[in-house]
**Student:** 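Provided herewith is a single structure, encoded as structure tokens, for subsequent inquiry.
For the single chain, residues carry numbers from 1 onward in sequence order. FYI, side chains are in, hydrogens and waters are out, and symmetry mates aren't considered; it's all heavy atoms of this structure.
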Amino acid sequence: MEDAETFIRDIHATDAINPDCWNLECRDVNFDRVMIALLYGSWNARVSASIDKLPALISRMKESNPEMKNFAFASVKVDTDDVSYELSVNNASEQKFGLGAPSELPAIVFIGASSTETSGVDDKNTNKLRVEPLYLSGAKLDSLLSCIPIKDDGSINDSDTLLKSMQAAWSRLFDSAGKLRPASVKKNVVKTTISKDSEPAIRIFIAGDRSQVGKSSICMGILGALLKSGKYSPSDLAYIKPATQCEQTQLVQEFCKSKGIVSCIPIGPIVYYKGFTRAFLRGESGETSEQLLQKASDAVDELAVGKKVVIIDGVGYPAVGSITGTDNARVAKACGIKSSIPVDNPIRIPAPVLIIGKSGVGDAVDSFNINATYFSHKNIPVIGAIFNKISLDGFYSLQNCKEAIEMYFNKFQPDKMTFGFIPEIPSLVNARDNLVNESAECQLNYAIESAEAFVDQFMQYVNVDAILHAATQANRTYLQNHMATSSEILNATPRKRLAEEPSNLILPNNHTSIASKNATSLPSTNNVSLTRAQIEAMATRAGAAGG
């Protein structure tokens with residue numbers, strides 16, 4: 001097929017925006033030039049396998065567009081390096097040029113260039129390029145590309161949805177004579193991307209599908225991997241556990257100390273100490289859900305100043321803390337980035353959630369789904385999972401589990417990613433006990449050595465760069481969706497607006513008001529606030545074992 005000869009796989013983004021580098025099918029000065037670029041990331045496994053179907057798709061498009069002469073088409077792996085990533089995701093502006101890739105990849109963009117203009121990649125010339133994207137979500141495009149039916153002769157049977165979207169993008173960019181349409185006048189619109197200057201810290205919330213699944217170890221692994229990558233210094237990183245049930249010294253705390261990560265808060269403002277839950281329900285703890293969440297929010301905001309990555313460690317499984325209105329989902333929302341837009345009503349973007357799962361296949365996937373659903377139901381983005389403590393041998397070996405689980409995610413969860421599968425490391429099994437029960441220097445050194453061994457293993461099995469990228473993309477998607485939803489509700493009729501606006505009645509956000517509604521069934525404790533020592537003493541006398 002002749003179009004296959006003009007297709008180039010995985011060109012650099014700098015070549016994609018430089019018409020001099022385009023492998024044009026022909027060079028006719030009567031027609032302007034276009035590059036059709038498929039943008040994807042290394043995590044888009046299905047797309048990588050579908051790229052070779054593109055020539056057949058372009059051939060079908062040419063049949064309907066005879067004016068499509070001076071064209072080239074290629075794929076661009078956006079995360080090849082930092083330059084490629086920046087060029088791919090930035091939007092075009094007066095200061096710099098970018099392809100404006102949407103928050104969810106893959107994506108297809110049409111890059112138009114006049115046949116009479118000089119080329120190059122300086123600011124003067126790139127500002128003369130025009131970019132039009134396909135208006136398809138990444139998950140939809142991923143699905144369409146993987147399902148393109150190829151006939152024996154290399155042509156395709158049918159791909160109406162994808163072809164129509166490509167035709168629409170072409171028509172927005174070129175007229176029937178194959179000339180670039182005039183650029184539309186730019187309106188004063190609110191930018192919906194997140195500025196790295198205004199919020200440099202990527203915040204990631206680490207959640208578990210159960211207690212003791214290894215959340216804190218994963219936090220330690222991410223921090224250690226970032227340090228060993230050479231891209232981050234200790235002063236760039238931060239760790240916090242905003243809510244906890246355990247106040248004992250944790251290995252991640254000692255690891256941070258040994259690596260010079262001074263921005264480490266192992267015990268945050270929300271502590272489920274003995275007797276806390278019942279005292280809270282009786283109104284004796286002295287703080288409401290909102291006040292506790294605000295403390296967590298303030299702690300993370302303060303910690304994030306001047307940082308590049310903040311790792312937020314969850315507690316137990318997702319619903320832990322729900323009885324006090326401080327479950328992991330609400331904490332993740334409270335600890336996210338505070339956006340500066342929309343200007344009239346700034347929002348807080350929830351910290352994207354990375355779920356740590358168990359070993360196995362069916363049980364591991366089922367557990368992931370039920371826990372991911374808990375967050376998604378509360379509109380908290382889940383970027384994917386790391387599966388931990390997997391055996392290296394047997395039917396449930398790491399390789400067998402990895403193959404099956406990745407197959408499931410590629411087929412049924414294309415918008416989420418499996419970032420890694422970690423084998424069980426014997427040296428870490430008793431590291432916590434060694435640290436807690438023995439204070440001798442040799443025991444502490446042993447624990448740190450075990451942590452180092454874990455980080456080395458972690459780097460072999462987990463794609464940390466993909467985690468950071470997915471978290472950044474999740475933030476952009478959340479903000480864009482919020483802006484779109486807000487605009488739809490604002491423009492809706494009063495009846496439709498009432499139906500679509502979220503109701504406070506269905507959100508368990510105010511436990512104080514719930515308690516006040518049931519005041520007749522609770523002890524009369526208005527205006528009574530007890531200290532933690534008093535609450536714990538009363539709980540101990542009553543036989544309490546925990547919070």
**Student:** Check whether more than 12 heavy atoms from other residues, nucleotides or ligands sit under 6.0 Å from atom CD of E302, and answer yes or no.
**Tutor:** no
**Student:** Is any side-chain heavy atom of Q253 less than 4.5 Å from a side-chain heavy atom of Y239?
**Tutor:** no
**Student:** Just by distance, with hydrogens left out, do S263 and K307 show a side-chain donor and acceptor under 3.5 Å apart?
**Tutor:** yes
**Student:** Is there a donor-acceptor contact under 3.5 Å linking the side chains of S233 and D236?
**Tutor:** yes
**Student:** Looking at D393, is its backbone amide N or carbonyl O close enough to the side chain of S391 to form a donor-acceptor pair, meaning the two atoms are under 3.5 Å apart?
**Tutor:** yes
**Student:** May I ask you to check whether F421 and Y461 place their ring centers less than 6.0 Å from one another?
**Tutor:** no
**Student:** To the nearest 0.5 Å, tell me how far I390 CD1 sits from I405 CD1.
**Tutor:** 6.0 Å
**Student:** Say you draw a straight line from CD1 of I356 to OG of S216; how long is it, rounded to the nearest 0.5 Å?
**Tutor:** 10.0 Å
**Student:** Taking all non-hydrogen atoms of both residues into account, name the closest pair between A364 and S359 and its distance.
**Tutor:** CB-O, 3.8 Å
**Student:** Would N475 and T472 count as a side-chain hydrogen bond (donor to acceptor under 3.5 Å, both in side chains) if you check the C-alpha gap in whole Å, the side-chain angles of each, and the deciding distance to 0.1 Å?
**Tutor:** CA-CA 5 Å; N475 285 336; T472 302; 5.7 Å; no
**Student:** Within this structure, what is the CG-SG distance for the pair L303 and C264, rounded to the nearest 0.5 Å?
**Tutor:** 8.5 Å
**Student:** When you measure from the side chain of R203 to the backbone N and O of G336, does any donor-acceptor pair fall under 3.5 Å?
**Tutor:** yes
**Student:** Looking at L354, V300, N328, I380, which one forms a side chain to side chain contact (heavy atoms under 4.5 Å, CB included) with F205?
**Tutor:** N328
**Student:** Within a strict 4.5 Å, meaning less than it, do heavy atoms of the P242 and C335 side chains meet?
**Tutor:** yes
**Student:** Do L223 and I311 pass the side chain to side chain contact (heavy atoms under 4.5 Å, CB included) test, and can you show the C-alpha distance, the side-chain angles, and the key distance before you say yes or no?
**Tutor:** CA-CA 8 Å; L223 293 169; I311 302 300; 3.8 Å; yes
**Student:** Output, in order, the C-alpha distance, side-chain angles, deciding distance and verdict of side chain to side chain contact (heavy atoms under 4.5 Å, CB included) for V83 and L87.
**Tutor:** CA-CA 6 Å; V83 173; L87 280 174; 4.1 Å; yes
**Student:** Does one side chain, of Y272 or T326, offer a donor that lies under 3.5 Å from an acceptor on the other?
**Tutor:** yes
**Student:** List the steps and the verdict of side chain to side chain contact (heavy atoms under 4.5 Å, CB included) for V361 and Y408.
**Tutor:** CA-CA 10 Å; V361 177; Y408 165 80; over 6 Å; no
**Student:** Identify the heavy atoms of I261 and L237 that sit nearest to each other, and give their distance.
**Tutor:** CG2-O, 3.6 Å
**Student:** Ignoring hydrogens, what is the shortest heavy-atom contact between S367 and D209? Give both atom names and the distance.
**Tutor:** CB-OD2, 3.5 Å
**Student:** Are D363 and K358 ion-paired here, with the side-chain N under 4.0 Å from a carboxylate O?
**Tutor:** yes
**Student:** Is any side-chain heavy atom of M417 closer than 4.5 Å to one of F409?
**Tutor:** no
**Student:** Measure the shortest side-chain to side-chain distance between K231 and D465 over non-hydrogen atoms and say whether it is less than 4.5 angstrom.
**Tutor:** yes
**Student:** Which atoms form the tightest heavy-atom contact between M459 and A225, and what is the distance?
**Tutor:** CG-CB, 3.6 Å
**Student:** State, without any angle test, whether D313 and Q250 hold a side-chain donor-acceptor pair at a distance under 3.5 Å.
**Tutor:** no
**Student:** Assess K257 against F255: is NZ or CZ under 6.0 Å from the centre of the six-membered ring, and within 45 degrees of the ring's axis?
**Tutor:** no
**Student:** Out of curiosity, I355 CD1 to K215 NZ, how far, rounded to the nearest 0.5 Å?
**Tutor:** 11.5 Å
**Student:** Show the nearest heavy-atom pair for residues T324 and S289, with the distance to one decimal.
**Tutor:** O-OG, 2.7 Å
**Student:** Side chains of V462 and I386: does their closest heavy-atom pair fall under 4.5 Å?
**Tutor:** yes
**Student:** Kindly indicate, with the supporting measurements, whether the criterion side-chain hydrogen bond (donor to acceptor under 3.5 Å, both in side chains) is fulfilled by N388 and E424.
**Tutor:** CA-CA 7 Å; N388 194 25; E424 188 166 29; over 6 Å; no
**Student:** Could you go through L226 and V309, starting from their C-alpha distance and side-chain angles, then the distance that decides it, and tell me whether this counts as side chain to side chain contact (heavy atoms under 4.5 Å, CB included)?
**Tutor:** CA-CA 9 Å; L226 292 175; V309 180; 4.0 Å; yes
**Student:** Can you tell if the side chain of I535 reaches within under 4.5 Å of the side chain of F280, non-hydrogen atoms only?
**Tutor:** no
**Student:** Would you check if the side chain of S376 reaches a backbone N or O of T373 as a donor-acceptor pair within less than 3.5 Å?
**Tutor:** no
**Student:** With no hydrogens and no angle check, do the side chains of Y40 and D10 hold a donor and an acceptor under 3.5 Å apart?
**Tutor:** yes
**Student:** In the structure I gave you, are the side-chain heavy atoms of I270 and T244 within less than 4.5 Å of one another anywhere?
**Tutor:** no
**Student:** Do F387 and F419 have ring centres separated by under 6.0 Å?
**Tutor:** no
**Student:** I'd like to know if K295 pairs up with E287 as an ion pair, taking the criterion as any Lys NZ or Arg NE/NH1/NH2 lying under 4.0 Å from an Asp or Glu carboxylate oxygen.
**Tutor:** yes
**Student:** Salt bridge between E247 and K241, side-chain N to carboxylate O under 4.0 Å?
**Tutor:** no
**Student:** Decide whether D327 and Y317 meet the rule of one side-chain donor and one side-chain acceptor closer than 3.5 Å.
**Tutor:** no
**Student:** If you round to the nearest 0.5 Å, how far is NZ of K308 from OG of S235?
**Tutor:** 8.0 Å
**Student:** Looking only at the side chains, is there a donor atom on one of D81 and S84 sitting less than 3.5 Å from an acceptor on the other?
**Tutor:** no
**Student:** Less than 4.0 angstrom from a charged side-chain N to a carboxylate O is my criterion; do E452 and K228 meet it?
**Tutor:** yes
**Student:** So which atom in K274 and which in T540 form the shortest heavy-atom distance, rounded to 0.1 Å?
**Tutor:** CD-OG1, 3.3 Å
**Student:** Got a second to check how far I349's CD1 is from L479's CG, nearest 0.5 Å?
**Tutor:** 4.5 Å
**Student:** Is any side-chain heavy atom of L39 closer than 4.5 Å to a side-chain heavy atom of L99?
**Tutor:** yes
**Student:** Between Q460 and D456, does any side-chain donor sit less than 3.5 Å from a side-chain acceptor?
**Tutor:** no
**Student:** Side chains of S297 and R348: is there a donor and an acceptor less than 3.5 Å apart?
**Tutor:** yes
**Student:** Please check if the number of heavy atoms outside Q291 that lie under 6.0 Å from its CD is greater than 12.
**Tutor:** yes
**Student:** Within a reach of under 6.0 Å around OH of Y396, are more than 12 heavy atoms found that belong to other residues, nucleotides or ligands?
**Tutor:** no
